[in-house]
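Some notes on the structure that comes next.
FYI, side chains are in, hydrogens and waters are out, and symmetry mates aren't considered; it's all heavy atoms of this structure. The chains referred to below are lettered A, B, ... by the order of the sequence lines, with proteins before strands, and numbering in each begins at 1.
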Number of protein chains: 2
Amino acid sequence: MVARYALSDAELDRLFRALADATRRDIVARVLGGEPASVSALASRYEMSFAAVQKHVAVLEEAGLVTKQPQGREKMVRGNPRQLARARALLVQLESLWTSRFSQLDAILAEPRPNKE
Amino acid sequence: MVARYALSDAELDRLFRALADATRRDIVARVLGGEPASVSALASRYEMSFAAVQKHVAVLEEAGLVTKQPQGREKMVRGNPRQLARARALLVQLESLWTSRFSQLDAILAEPRPNKE
DNA sequence: ATAACGTGCAACCATCTGGTTGTACGTTAC
DNA sequence: GTAACGTACAACCAGATGGTTGCACGTTAT
């Protein structure tokens with residue numbers, strides 16, 4: 001069971017786009033590694049306005065990398081490792097194109113020379 | 001030997017940004033999976049101008065995902081799986097934050113209940 | 001030599017992005 | 001009830017992005 005959840009092009013765009021910002025990667029790391037944090041608690045950590053952090057969280061949420069759930073007057077942000085795994089799956093898939101290319105070449109040449117890196 | 005090649009924030013930005021476009025992901029897949037291809041050969045595959053594809057290749061090259069080398073009057077584009085592996089490494093690293101959080105929690109609770117997914 | 005090909009680059013354009021400030025509104029604390 | 005807090009959202013701005021066309025220039029083919 002390799003969790004073959006194919007994401008659409010648009011979803012992948014959003015996913016990688018969301019990861020293409022240091023602040024957002026930091027937020028993901030924070031909410032994955034620690035307790036879920038409120039948006040304002042996150043905002044206090046960065047040298048930018050609350051609204052800016054709020055936008056970053058929104059981008060992460062749209063990409064499915066975090067979820068928000070209301071708790072009293074705050075919204076707790078928690079990480080979603082599943083979506084991270086999907087991004088990783090795509091990279092592994094791309095890498096496999098490369099490796100399979102070699103195994104194919106090896107098969108054609110039929111020369112059992114152990115290709116040591 | 002886990003190839004600990006730490007990329008800077010800016011490099012990671014470029015890397016994930018480059019992957020956040022369907023055309024570029026397709027180009028990467030093409031040059032990783034098949035023969036190296038010239039820029040114009042790539043361009044002929046997409047419904048956009050040559051210059052647009054050229055720009056995409058430039059973005060991929062700046063991100064280190066592909067390399068170009070002159071061959072006669074064309075430039076052959078080939079994939080660089082190493083950089084892809086670096087992107088994957090970061091995702092794995094982020095995911096490990098999540099899992100380590102649980103192992104830590106398990107350690108604190110000291111309740112050996114096998115957490116089956 | 002000249003034409004055709006492959007590439008690079010600049011200028012231009014519409015849209016998106018990442019930041020700001022300000023305002024509004026529900027929730028909690030006093 | 002009122003003040004403070006946490007969030008949402010709109011308007012605005014500078015700069016990046018993704019596309020276009022046009023032109024220049026080196027290489028290959030005829």
Side-chain angles (χ1 to χ4, degrees), chain A residues 8-31 34-79, chain B residues 8-31 34-79:
Chain A
S8 72
D9 275 351
E11 286 169 321
L12 286 172
D13 286 2
R14 264 179 263 137
L15 185 43
F16 285 110
R17 193 76 184 69
L19 288 168
D21 180 283
T23 303
R24 288 198 289 263
R25 286 193 299 273
D26 196 73
I27 291 175
V28 169
R30 213 173 274 281
V31 297
E35 293 292 304
S38 73
V39 181
S40 59
L42 287 171
S44 69
R45 300 258 178 189
Y46 304 101
E47 292 284 339
M48 64 185 75
S49 70
F50 169 80
V53 174
Q54 199 184 9
K55 276 195 194 178
H56 281 308
V57 172
V59 169
L60 289 172
E61 192 181 19
E62 281 223 349
L65 283 167
V66 306
T67 58
K68 271 188 299 189
Q69 52 190 160
Q71 185 160 323
R73 68 180 158 185
E74 13 186 67
K75 294 225 177 156
M76 304 311 283
V77 181
R78 68 187 63 228
Chain B
S8 72
D9 275 350
E11 286 169 321
L12 285 172
D13 286 1
R14 265 179 263 137
L15 185 44
F16 285 110
R17 192 75 183 72
L19 288 168
D21 180 283
T23 302
R24 288 197 289 263
R25 285 193 300 273
D26 196 73
I27 291 175
V28 169
R30 213 171 274 279
V31 297
E35 293 292 305
S38 72
V39 182
S40 60
L42 286 171
S44 70
R45 300 258 177 190
Y46 304 101
E47 291 285 338
M48 63 185 76
S49 70
F50 169 80
V53 174
Q54 198 183 11
K55 278 196 195 177
H56 281 309
V57 172
V59 170
L60 289 171
E61 192 182 19
E62 281 223 349
L65 283 167
V66 306
T67 59
K68 270 188 300 190
Q69 53 191 159
Q71 185 160 324
R73 67 179 159 187
E74 5 185 75
K75 294 230 175 151
M76 305 310 283
V77 182
R78 68 187 63 228

- Message: Enumerate the salt bridge (charged side-chain N to carboxylate O under 4.0 Å, His left out) contacts for residues 57-68 of chain B, please, sequence neighbours excluded, ordered by first and then second residue.
- Response: B:E61-B:K68
- Item | Pairs touching residues 37-46 of chain A that satisfy salt bridge (charged side-chain N to carboxylate O under 4.0 Å, His left out), sequence neighbours left out | none
- Task: Would you indicate, yes or no, if D:dC5 has its OP1 or OP2 atom less than 4.0 angstrom from a side-chain nitrogen or oxygen of A:S40?
- Result: no
- Item | B:K75 side chain near C:dG8 phosphate (N/O to OP1/OP2, under 4.0 Å) | yes
[X] [atom1] - [N] [atom2] separation (whole Å):
{"X": "A:R14", "N": "C:dT17", "atom1": "CZ", "atom2": "P", "result": "11 Å"}
{"X": "B:Q54", "N": "C:dC9", "atom1": "CD", "atom2": "P", "result": "8 Å"}
{"X": "A:Y46", "N": "C:dG18", "atom1": "OH", "atom2": "P", "result": "15 Å"}
{"X": "B:L42", "N": "C:dG8", "atom1": "CG", "atom2": "P", "result": "12 Å"}
{"X": "A:E62", "N": "C:dC16", "atom1": "CD", "atom2": "C1'", "result": "13 Å"}
{"X": "B:Q69", "N": "C:dG8", "atom1": "CD", "atom2": "P", "result": "13 Å"}
{"X": "A:E74", "N": "C:dC25", "atom1": "CD", "atom2": "C1'", "result": "17 Å"}

- Walk me through it: do A:F16 and B:D21 pass the test side-chain contact (heavy atoms from CB on, under 4.5 Å)? CA-CA 8 Å; A:F16 285 110; B:D21 180 283; over 6 Å; no
- Results of side-chain contact (heavy atoms from CB on, under 4.5 Å) for B:T67 - residues two or more places apart only: B:R78
- Contacts of A:A58 that satisfy side-chain contact (heavy atoms from CB on, under 4.5 Å) - sequence neighbours left out: none
- Where protein sits on nucleotides 18-30 of chain D, one letter per nucleotide: B base, S sugar-phosphate only, - none, heavy atoms under 4.0 Å: SBBB-----BB--
- Item | By salt bridge (charged side-chain N to carboxylate O under 4.0 Å, His left out) - contacts of B:D13 (at least two apart) | A:R25
